Amino acid sequence: MRDNFNRQIDYLRLSITDRCNLRCRYCMPAQGVPLKAQNEILRLEELVTLAQAALKAGIRKIRLTGGEPLVRRNVVSLVRSLHALTGLEEISLTTNGILLPALATPLKEAGLVRVNVSLDTLKPERYAYITRGGNLHEVWRGLRAALAAGLEPVKVNVVVMRGFNEDEILDFARLAVEQPLHVRFIEVMPIGMAAAARLDYVPVAEIRARVEAFYPLQPAPGVKGNGPAVNFTFRDGRGSIGFIGAMSEHFCPRCNRLRLTADGRLRPCLYGDEEIDLRGPLRRGASLEELVALFRQGILCKPQRHHLESEGRRQGLMSQIGG
Ligand code: SAM
Ligand code: SF4
């Protein structure tokens, strides 16, 4: 379905938990965030019903996120149930990768098509620092497991922060040359803890210039994805590279998505305050048609664009909204 600005909205980011096994400094406070009570979080059947309504409202692709989606028990059965829904073209997942070694194959068998693994540094000490205790070797094992399971493509999301990991841009580019991995550089956004920590983004134009000084890039419009990344391949590379200019480039005109928080609030825009409660109506016995109408309402109230660069920082945490 098209929104008021003629954008085709066919992609839903479904947060399935607000919990996480890491505490990335730009995403969560050290002590974690106050978690929702168990009965506030959507149950598996509720997630499936809402996904069904979303599909009837024109959604075609669903990405599971969180928090860390793989800490949710029964994530494999959830994927299996979603996969069985008519009209769903693709299920993907964004994860920190820590739990992928055990889950990659069962998820693939349940119908998961592809994964994005978040990894901001290739240095073990830095990884432990930025995630407050994460073990980089577990992420490597997770990436290998995803490739071995045949999840395709496997993307690596790199949030670039001025003064923290900008010196690793070429290392990540080399990773995409040598491995069948699709590296996506993302500008850190002033949301949640990144706002509090006043982390600065590195404009994607600058990242790209640094990569191109060493590796000639070729446009790769064909790399599978849903969103705002601009993608390139290397002449003799196995993977690809992409740039997501969340701050410096206006991808709002190409925005194709809705978000649903783990406790059932529909968010038309990551950066806006607008939300529509779906859990209340669902638990009060709303019909599928009524839920479809709420999704349509969500699509129609998508704003034209965000004003992050002029408004500055935003409250609200990515782990709670569903990154
Ligand atoms: N836990 C999973 C993970 O880390 O991939 C999924 C949820 S996480 C909130 C989703 C993505 O949001 C991650 O790639 C993370 O790096 C990114 N993210 C979190 N805070 C961000 C910020 N302030 N700016 C840009 N990206 C951010
Ligand atoms: Fe957890 Fe993902 Fe946020 Fe890191 S970015 S704290 S892994 S939810």
Side-chain angles (χ1 to χ4, degrees), residues 13-33 35 63-72 75 92-100 103 114-121 126-136 138-139 142-143 146 154-162 164-165 172 182-204 207 225-229 242-249 251 257 259-262 267 270-271 306 308-309 312-323:
R13 295 182 71 106
L14 188 58
S15 174
I16 61 171
T17 180
D18 56 351
R19 288 160 200 267
C20 188
N21 47 359
L22 295 178
R23 293 283 178 274
C24 301
R25 285 171 191 270
Y26 52 79
C27 181
M28 280 206 192
Q31 68 282 14
V33 290
L35 295 173
R63 173 175 294 276
L64 303 183
T65 182
E68 171 49 43
L70 300 188
V71 304
R72 172 103 193 217
V75 61
S92 59
L93 181 137
T94 299
T95 172
N96 58 36
I98 300 283
L99 297 176
L100 270 179
L103 287 171
R114 59 197 185 88
V115 281
N116 286 15
V117 176
S118 303
L119 177 61
D120 307 324
T121 170
R126 264 191 201 176
Y127 187 77
Y129 171 80
I130 196 73
T131 59
R132 296 198 182 91
N135 181 346
L136 180 62
E138 293 176 1
V139 187
L143 283 169
V154 176
K155 294 188 185 172
V156 176
N157 285 355
V158 187
V159 174
V160 185
M161 290 158 272
R162 183 74 80 195
F164 174 69
N165 56 355
F172 275 105
H182 302 266
V183 169
R184 298 286 170 274
F185 293 108
I186 301 169
E187 293 172 350
V188 68
M189 296 176 287
I191 298 182
M193 296 313 290
R198 297 190 176 275
L199 292 169
D200 264 343
Y201 71 92
V202 180
V204 286
I207 302 175
N226 286 317
F243 304 94
I244 303 181
M247 298 298 294
S248 68
E249 287 174 1
F251 54 56
R257 61 200 55 194
R259 288 181 154 78
L260 185 62
T261 65
R267 306 258 318 193
L270 170 62
Y271 311 99
H306 72 71
L308 261 187
E309 38 345 299
R313 306 172 290 138
R314 277 220 89 81
Q315 303 301 314
L317 298 175
M318 283 286 263
S319 64
Q320 291 177 325
I321 301 168

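Residues: numbered from 1 along the sequence shown. When a ligand or atom number is given, it counts from 1 through the structure's own listing order. Since this is a predicted model, take the numbers as computed values, not measurements. Only this structure's heavy atoms are used, side chains among them; waters, hydrogens and symmetry mates stay out.
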#### Entry: Close-contact set for ligand 1 against Val159 heavy atoms, below 4.0 Å
16 (O), 26 (N)
### Query
Can Gly97 be said to touch ligand 1, with heavy atoms closer than 4.0 Å?
no
### Task
Write out the residue and atom name of the closest protein heavy atom to atom 6 (S) of ligand 2, then the distance separating them to 0.1 Å.
Cys24 N, 3.2 Å
### Option among Val71, Asn21, Val139, Leu70 that satisfies the side-chain contact (heavy atoms from CB on, under 4.5 Å) test with Asn96
Asn21
### Query
What part of Val188, side chain from CB on, backbone N/CA/C/O, both or neither, has a heavy atom under 4.0 Å from ligand 1?
both
### Message
Using a 3.5 Å cut-off on N or O atoms only, is Glu187 in polar contact with ligand 1?
### Response
no
### Query
How far is atom 12 (O) of ligand 1 from its nearest protein heavy atom, and which residue and atom is that?
Met318 CE, 3.4 Å
### Query
Side chain, backbone, both or neither: which part of Cys20 has a heavy atom under 4.0 Å from ligand 2?
side chain
## Note on the structure
Per-atom filter on ligand 1: closer than 4.0 angstrom to a heavy atom of Ala194 are 23 (N)
### Task
Report, in ascending order of atom number, the atoms of ligand 1 lying under 4.0 Å from any heavy atom of Asn96.
2 (C), 3 (C), 5 (O)
### Task
May I ask you to identify, for Thr65, whether its side chain, its backbone, both or neither come under 4.0 Å of ligand 1 on a heavy-atom basis?
side chain
### Summary
Per-atom filter on ligand 1: closer than 4.0 angstrom to a heavy atom of Ile191 are 23 (N)
### Task
Inspect the surroundings of CZ in Arg126 and state if more than 12 heavy atoms from other residues, nucleotides or ligands are less than 6.0 Å away.
yes
#### Entry: Thr95 and ligand 1 - part of the residue with a heavy-atom distance under 4.0 Å
backbone
#### Entry: Distance filter under 4.0 Å to Gly67 heavy atoms, resulting ligand 1 atoms
1 (N), 2 (C), 6 (C), 7 (C)
### Query
With a 4.0 Å cut-off on heavy atoms, does Gly66 reach ligand 2?
no
### Message
To check your reading of the model: name the closest protein heavy atom to atom 3 (Fe) of ligand 2, its residue, and the distance in Å.
### Response
Cys27 SG, 2.4 Å
### N/O separation below 3.5 Å, Met189 to ligand 1
yes
### Query
Which atoms of ligand 1 sit under 4.0 Å from any heavy atom of Thr94?
2 (C), 5 (O), 6 (C)
### Task
Kindly identify the option in Gly66, Ser118, Cys27 whose heavy atom sits closest to atom 3 (C) of ligand 1.
Ser118
### Thr94 side chain reached by Pro69 side chain, heavy atoms, under 4.5 Å
no
### Task
Spell out, as yes or no, whether a donor-acceptor pair under 3.5 Å connects the side chain of Arg19 to the backbone of Gly67.
no
